[in-house]
Protein chains: 2
Amino acid sequence: MRGLGLCRILIDAGIEAPLSNRPPVAQFERNAAARRRVFRAKEQSGSVPVICDGWATVVEYLPSGRRQILSFLLPGDLVSTNILFENRICHDVEAVTAVCHRTFDRAGLWETVVARPEVLESFVKNCVAEKHRHDELILDLGRRKAKQRIARLILELTSRLAVHRAVRSQTFNFPLRQTHVADALGLTAPYVNQVLKAFRKRRLIKLEKRSLTILDGAKLHRMIDE
Amino acid sequence: MRGLGLCRILIDAGIEAPLSNRPPVAQFERNAAARRRVFRAKEQSGSVPVICDGWATVVEYLPSGRRQILSFLLPGDLVSTNILFENRICHDVEAVTAVCHRTFDRAGLWETVVARPEVLESFVKNCVAEKHRHDELILDLGRRKAKQRIARLILELTSRLAVHRAVRSQTFNFPLRQTHVADALGLTAPYVNQVLKAFRKRRLIKLEKRSLTILDGAKLHRMIDE
DNA sequence: CGGCGGATTGAGTGCTCTCAACAGGAGTGG
DNA sequence: CCACTCCTGTTGAGAGCACTCAATCCGCCG
């Protein structure tokens, strides 16, 4: 599935300044294999990366080696909304599946955002949505139980994918490993496994061969606020 | 202590459009008593609130009644950086101490931010800092132990207050109750108490009569990455 | 077939919570 | 000025959610 949303808009706006003197558009895209690091956190970078295809994570490692996933990046997502304001990438980005991405020039992007109302609106929506997701994540980590966090993650991903028409009859491609879920929700893989097992037994979801089906979305929803 | 930073800049910029036809500047400020709700999350609001004096929290309640503090607001802080993009307040704001605040008109604020480079820079810095704090909070909640979270909170507040010259020889006014600390860090008040007791016994901090002194900042720092 | 990444499972542990009860201080009304 | 109440801090016993640390298994791929 190709990325829609902001990515499409930006590409349509044709703002790839730093690379635009090179010939074919296709070359602007880069690929990263599954499980590889796509970007390394670094100082100074004039580029704004966008995921065109595949799933990725924004991650941070503690000195102890523990990993926390700050957010999942789906096709069309800006790596970080803040990147428009900062001239550096703050966190590593790791591919979940094979990932296709491209980078935009920040200065050019900023001009476009300010100049074109439809791009600005799209960008602002993006900002707000990302902030909202982070707030909910804080609620999850701070005050919700493991099964509530997992239920919410599933529903959140569903609704994000639905925007991209990637959900058919409550079923969608689910490339996350249990370690991804664990590291995103402040849990451990074995415990995630246990909860997912319970979800399956209670016929809330079906999850096999990287395909997730929501069998009882209503019950999942109710579960969040128990 | 009066608020500096963004608040000062905004006031100096004189952008209080919706109220500017009323006579004395002092009237633009509102007060809220300690422990009271300052703002309620609501749809549609053209105003951008700023804390001029006192401490407040941005909070969210779960249906179960559990509370999560999303951030602490110190003098000079915008209630939410996102508020410039959204036309509503997303979360309740509760006063910790008595709070003095004022509201700016979003449209006017936006114009000023775009028009004045120094205001834009200040705003961008604010955005980035807030994002960074939220990322760290997610790391805390997801992957750090209670004592590490508390150590980090103390150090973070210290450095934020230091900007306002509110720290004298490692000592500053600390109005937070243990329930605030607990609800901010995903813990419970009795457990926070236990950890603070340990901190005191190990001579890391001194905390009495709403006054906090950092006795061994180096050790607190080291503790975070254990 | 061997090896790797990942899923599953289990036993044992511990960090943190829940639920109390109680104490002290600060304000408040009588 | 005292009784009273509301907060807040403190402390303890007991419980449980989730972790740690394995071991094992499975599917896939070279």
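In this text, all values refer to a predicted model and were calculated from it rather than measured experimentally.
Taking a 6.0 Å sphere around NZ of B/Lys201, one finds it holds 12 or fewer heavy atoms contributed by other residues, nucleotides or ligands. A 6.0 Å sphere centred on CZ of B/Arg36 holds no more than 12 heavy atoms belonging to other residues, nucleotides or ligands. A/Lys209 NZ: 12 or fewer foreign heavy atoms inside a 6.0 Å radius.
Formation of a donor-acceptor pair under 3.5 Å by the B/Arg149 side chain with backbone atoms of B/Arg144 is found in this model. A side-chain donor-acceptor contact under 3.5 Å links A/Arg160 to the backbone of A/Phe72.
At least one side-chain heavy atom of A/Pro49 sits under 4.5 Å from a side-chain heavy atom of A/Ile83. Between A/Leu157 and A/Leu153, the closest side-chain pair of non-hydrogen atoms falls below 4.5 Å. In this structure the side chain of A/Ser80 reaches within 4.5 angstrom of the side chain of B/Lys131, judged on heavy atoms.
Residues from residues 181-192 of chain B with heavy atoms under 4.0 angstrom of DNA chain C, sorted by number: B/Gly186, B/Leu187, B/Thr188, B/Pro190, B/Tyr191. The stretch residues 200-216 of chain B touches DNA chain D through B/Arg200, B/Arg210, each having a heavy atom under 4.0 angstrom from the strand.
For the pair A/Gln194 and A/Lys145, both in contact range of DNA chain C, the more 5′-proximal nearest nucleotide belongs to A/Gln194.
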(request) Assess whether salt bridge (Lys or Arg N to Asp or Glu O under 4.0 Å) is satisfied between B/Glu208 and B/Arg200, documenting all intermediate values. (result) CA-CA 10 Å; B/Glu208 54 187 25; B/Arg200 277 188 280 237; over 6 Å; no
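For the atom pair A/Ile224 CD1 and A/Ile154 CD1, the distance stands at 9.5 Å (nearest 0.5 Å).
Rounding to whole angstrom units, CD of residue A/Gln178 and P of D/dA18 are separated by 16 Å. The CZ atom of B/Arg143 sits 10 Å away from the C1' atom of D/dC19 (whole-angstrom rounding).
Ring pair B/Phe39/B/His101 is perpendicular by interplanar angle, where above 60° counts as perpendicular and below 30° as parallel.
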Enumerate all atom pairs, one protein N or O and one N or O from nucleotides 23-26 of chain D, separated by less than 3.5 Å.
none

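Under the rule for a side-chain hydrogen bond (donor to acceptor under 3.5 Å, both in side chains), the partners of A/Glu94 that lie at least two apart in sequence or sit in another chain are A/Tyr61, A/Arg67. Remark: B/Thr81 engages B/Glu130 in a side-chain hydrogen bond (donor to acceptor under 3.5 Å, both in side chains) (not counting sequence neighbours).
Heavy-atom contacts of chain B under 4.0 Å fall on DNA chain C between two terminal nucleotides, which in 5' to 3' order are C/dC15 to C/dC19.
Counting non-hydrogen atoms under 4.0 angstrom, B/Arg66 reaches the backbone sugars and phosphates but no base.
Considering only side-chain N and O atoms, B/Asn193 lies under 4.0 angstrom from the phosphate OP1 or OP2 of D/dT10.
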